[in-house]
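Computed from heavy atoms alone, side chains included, the values below leave out hydrogens, waters and symmetry copies. Each chain gets a letter, A, B and so on, in the order the sequences are listed, and its residues count up from 1.
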Amino acid sequence: METIYQDFAPKGIQFFYVYKPLAHPELHNYVRPVSLDERLMHVTEAKRRLGSGITWLADTMANDFHKALVQFPNAEVILDPEGRVVMRRPWSRPAQLREDLAAIVGPVESPTTIADLDLPEQPPLPTAQKGVVPRVPLPEGALPMLVEVVEQTSTPYYVKLRAEGAPELWDTGKGEMYLGFHLDPLYRVHWNNEVDPVEWRISAPDGVVVTPSQGIGADPDAPADADPREFIVEVDGTPGAVVDVQVQYFACDDALTFCIPVRQNYQVTLVRDTSHSWTIRTDADGNWGRPSPQ
Amino acid sequence: MSTIRVLFVSGTLLAWSALNAQRPGPDEFVDPSVGDGPRAHEFWPAAPEVGDLFPDVNVVDDLGNPVNIRELAAENYSVLVLGCLT
């Protein structure tokens, strides 16, 4: 994309990246932003890592752009100056895009190659030690479910809840549900294991039973780590039911400037969150992978 | 017990697959829009076709200021690509 930008921007073509919901939450430890400010933090991080000259925009938190177009993570469109769609593609194809643009403004005599560019591909943000707390396997076929913060607070959501379930859970309201409390690497925080571990509690409406309904995170010997605190609960409820999750933990930054108690609340709805695809875990060595559960 | 298989693929950044579809990945990450498979053309049903006006939606710039897509495109031909960190 960058080579196309280099070749066609001088011909007047405008290029924009539109930041959207995470395709694969947890890849390289990135977790879902819960506010527009946090989404803009993701944009800043994307700029840092990619080093592109292309202008970044961000979709609204209602994902208006994404919902207007396609479910794929890297769709592309060309609009004419009247705002009409000249080309749309569900999956970006740079070679074809180059041909599309050449048809509009003429070919480029000496196309830029990737080797011509000196793009600083930066690594993901460092975290505290990982591999300290064993990971909890996801239920078979699990995908992210709808999780919303109850309120925007002045205290950031240093730890983000992700809930996942298999289609059985969305369809019947019954089955295993994964609850994972993940540090947000953009806040440069860690689990301080010398203070009380994370605690959570679920409140369910009448007709919905969650077992267990509360839990306490691991308390390993290592003084600090960045592993998620994960749990599997059994849900016996109804499709679309909403449960409240309250979590309390100590947010402690890597620079050791603060370590504060935080209590935050989420609502988990027993439906799939279609703005994300499957999660991809990143291990202690930065390796990642997980095939599609579909 | 989950049968999750974990693939370890050293040195590759899937993050940029969202922004650079030229980079091949493991089989599980092959472009699902290729060929005649069921996911080949999964635009949302209401998505604009070629020739249609793009929906009148707003996004924001990197400072959080609202930006209207049609107004943005009014300057010249515009390429818009969805992307994210993962």
Side-chain angles (χ1 to χ4, degrees), chain A residues 1 12-25 27-28 30 36 40 42-43 45-46 50 56-60 64-81 83-88 90-94 104 137-140 287-292, chain B residues 1-10 13-22 26-29 31-34 39-44 46-55 57-64 67 69-70 72-86:
Chain A
M1 187 59 67
I13 301 293
Q14 302 186 111
F15 289 80
F16 302 98
Y17 283 135
V18 182
Y19 198 89
K20 54 166 285 296
L22 293 177
H24 300 289
L27 180 60
H28 302 307
Y30 295 113
L36 185 59
L40 295 177
H42 278 231
V43 169
E45 173 68 355
L50 195 58
W56 277 93
L57 305 169
D59 204 351
T60 63
D64 294 321
F65 187 96
H66 194 220
K67 289 177 180 174
L69 200 59
V70 67
Q71 71 176 31
F72 288 125
N74 64 333
E76 62 189 9
V77 293
I78 300 175
L79 303 183
D80 70 14
R84 294 188 183 280
V85 176
V86 174
M87 179 283 301
R88 67 174 203 173
W91 198 269
S92 177
R93 295 196 167 283
I104 294 172
L138 289 165
E140 179 88 31
N287 301 314
W288 52 265
R290 181 194 174 200
S292 167
Chain B
M1 188 70 178
S2 170
T3 58
I4 295 167
R5 291 182 297 136
V6 180
L7 301 174
F8 293 103
V9 186
S10 300
L13 290 171
L14 179 64
W16 303 137
S17 68
L19 304 175
N20 182 356
Q22 292 172 313
D27 289 347
E28 287 75 6
F29 301 120
D31 178 347
S33 68
V34 166
R39 302 178 68 185
H41 304 286
E42 288 191 32
F43 283 96
W44 300 124
E49 301 280 352
V50 170
D52 290 348
L53 271 177
F54 196 82
V57 298
N58 286 338
V59 293
V60 299
D61 65 17
D62 58 358
L63 297 177
V67 175
I69 291 294
R70 289 184 190 169
L72 185 77
E75 299 290 325
N76 210 327
Y77 282 89
S78 302
V79 176
L80 295 108
V81 184
L82 284 169
C84 67
L85 281 166
T86 66

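- Using a 4.5 Å cut-off between heavy atoms, A/I104 touches chain B through its side chain atoms alone.
- The nearest pair of heavy atoms linking B/V50 to A/M87 is CG2-CA, 4.2 Å.
- Here A/L22 is the residue among A/L22, A/D64, A/T60 with the most heavy-atom pairs under 4.5 Å with chain B.
- The greatest number of non-hydrogen atom pairs below 4.5 Å with chain B, out of A/E76, A/H42, A/R84, is found for A/R84.
- Within the 4.5 angstrom heavy-atom criterion, atoms from both the backbone and the side chain of A/I13 approach chain B.
- Each of A/L36, A/V18, A/D59, A/V43 was scored for a side-chain contact (heavy atoms from CB on, under 4.5 Å) with B/V60, with one residue passing: A/L36.
- Atom-to-atom distance recorded for A/F16:CZ and B/L72:CG is 3.5 Å, nearest 0.5 angstrom.
- The distance from atom OH of A/Y17 to atom CG of B/L82, rounded to the nearest 0.5 Å, is 11.5 Å.
- In this structure, CG in B/D62 is found 14.0 Å from OH in A/Y19, a value given to the nearest 0.5 Å.
- Both the backbone and the side chain of A/L79 come within less than 4.5 Å of a heavy atom of chain B.
- B/E49 meets the side chain to side chain contact (heavy atoms under 4.5 Å, CB included) test with A/R88, B/D52; sequence neighbours excluded.
- Of all the listed residues (B/A46, B/P55, B/G64, B/G51), the one sharing the greatest number of non-hydrogen pairs under 4.5 Å with chain A is B/G51.
- To the nearest 0.5 Å, the span separating OH on A/Y30 from CG on B/L85 amounts to 5.0 Å.
- Between the CG atom of B/L80 and the CG atom of A/L57 there is a distance of 7.0 Å, given to the nearest 0.5 Å.
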